[in-house]
Amino acid sequence: MRDLLLKSDEEFRSHVLWQAERWAEDERENVEIRWSEKIEVLLEDVWPRQILAKTPRISARLCNFVFSDKDRFVRRAALVLPLLSKAEGDSIMLPNLRKSKGNIVDIYPEQTLAILDAILPENAMAWPYGIESTIQRIGKADGRLNADPRLLSLNRRWDAG
C-alpha cells in the first residue's frame, strides 16, 4: 500500500484520505470495524514520509482530519506532524478552530501550535480566515507558550502581513 501511495499522484492520495475519513465518520453505524483506529494505523505504518507525499493539499486534508476529533486529537497530532508541509492559498480552512466552547485550541494549545507552525506559510496573507484569533487563544490557553519561539514567529508574521 505504501508503494501504491508513493507511486500514485496527489489526487489519489487525497482521495484515500477523504475516503478513510468518511468511513471513520460512519463507524457509528458499523461498530464491527473501528475505522478511526485503522486510519491511525494507515498514517503511522503505511503513509509515505517522502517529500513527494508532503504536498500542501495533503497537509490541508491531514489537518482537517486531525482537528475533526477532539477525543483522538493528541494521538492524531503526533501521527500527522511528521507528514505535514506548508499549506498554500485556500487549501486549508480549519473551521473547527473557530468554535467557542470546548475548542481543541483551548484544551490542547501546545499540539495546536505545533501543527499551525508546521502548516502556515510564511505569507500571513495566505492564512485561513480567523486564524489570528486562534493564535491569540493559544497564548491565553497556556501562558507559557507566549514565550515559545513558534508562537512568537506566528505573531511576528501575522503582524508583518
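One finds a salt bridge joining Glu37 and Arg72 here, because a Lys/Arg side-chain nitrogen approaches an Asp/Glu carboxylate oxygen to under 4.0 Å. Ionic pairing of Glu10 and Arg61 is not present here: no N-O contact between side-chain nitrogen and carboxylate oxygen is shorter than 4.0 angstrom. A salt bridge links Arg150 with Glu110: the closest approach of a Lys/Arg side-chain nitrogen to an acidic carboxylate oxygen falls below 4.0 angstrom.
Across all non-hydrogen atoms, the minimal contact from Ala126 to Pro121 is CB-CG, 4.0 Å. For the pair Trp47 and Arg13, the tightest heavy-atom approach, listed with the atom from each and the gap, is CH2-O, 3.5 Å. A pairwise comparison of heavy atoms in Asp117 and Lys86 identifies O-NZ, 2.6 Å as the closest pair. Here the closest heavy-atom approach between residue Ile104 and residue Phe67 is recorded as CD1-O, 3.4 Å. Smallest separation of non-hydrogen atoms from Leu84 and Lys54: O-CD, 4.2 Å. Residues Ala77 and Ile115 come closest through the heavy atom pair CB-CD1, 3.8 Å.
Under the 4.5 Å side-chain heavy-atom criterion for ILVMFWY residues, no single connected hydrophobic cluster contains both Tyr129 and Ile138. Side-chain heavy atoms closer than 4.5 Å link hydrophobic residues (I, L, V, M, F, W, Y) into clusters, and following such links, even through other members, never connects Leu52 to Leu5. Residues Ile135 and Ile107 are members of one and the same hydrophobic cluster, defined by side-chain heavy-atom contacts under 4.5 angstrom among Ile, Leu, Val, Met, Phe, Trp and Tyr. Grouping the Ile, Leu, Val, Met, Phe, Trp and Tyr side chains by contacts below 4.5 angstrom, directly or via other members, places Val41 apart from Leu6. Trp18 and Leu79 fall into different hydrophobic clusters, where Ile, Leu, Val, Met, Phe, Trp and Tyr side chains are chained together by heavy-atom contacts under 4.5 Å.
Asp69 is listed as a side-chain neighbour of Arg76, based on a closest heavy-atom distance under 4.5 Å. Within the 4.5 Å cutoff, no side-chain heavy atoms of Leu4 are placed close to those of Val16. Leu43 is listed as a side-chain neighbour of Leu62, based on a closest heavy-atom distance under 4.5 Å. Looking at Ile131 and Leu116, their side chains come closer than 4.5 Å, going by heavy atoms from C-beta outward. No side-chain heavy atom of Pro48 sits under 4.5 Å from any side-chain heavy atom of Asp3.
The CG atom of Leu154 lies 11.0 Å from the OG1 atom of Thr134; values are rounded to the nearest 0.5 Å. Distance check: Arg137 CZ to Asp142 CG gives 14.5 Å after rounding to the nearest 0.5 Å. Note: Glu21 CD to Phe65 CZ = 6.5 Å, rounded to the nearest 0.5 Å. Note that the NZ atom of Lys140 and the OG atom of Ser133 stand 9.0 Å from one another [nearest 0.5 Å]. Here the CG-NZ distance, from Asn103 to Lys70, works out to 8.5 Å after rounding to the nearest 0.5 Å. Atoms CG and CE, on Leu42 and Met1 in that order, are 6.0 Å from each other to the nearest 0.5 Å.
Using modelled atom types, no side-chain atom of Ser14 and backbone atom of Glu11 make a donor-acceptor pair closer than 3.5 Å. Looking at Ser59, its side chain never comes within 3.5 Å of a backbone N or O of Ile119 through a donor-acceptor pair.
Annotation: side-chain hydrogen bond (donor to acceptor under 3.5 Å, both in side chains) contacts of Arg157 (sequence neighbours excluded): Glu122. Tyr108 pairs by the ring-ring contact (aromatic ring centres under 6.0 Å, His included) definition with Phe73, not counting sequence neighbours.
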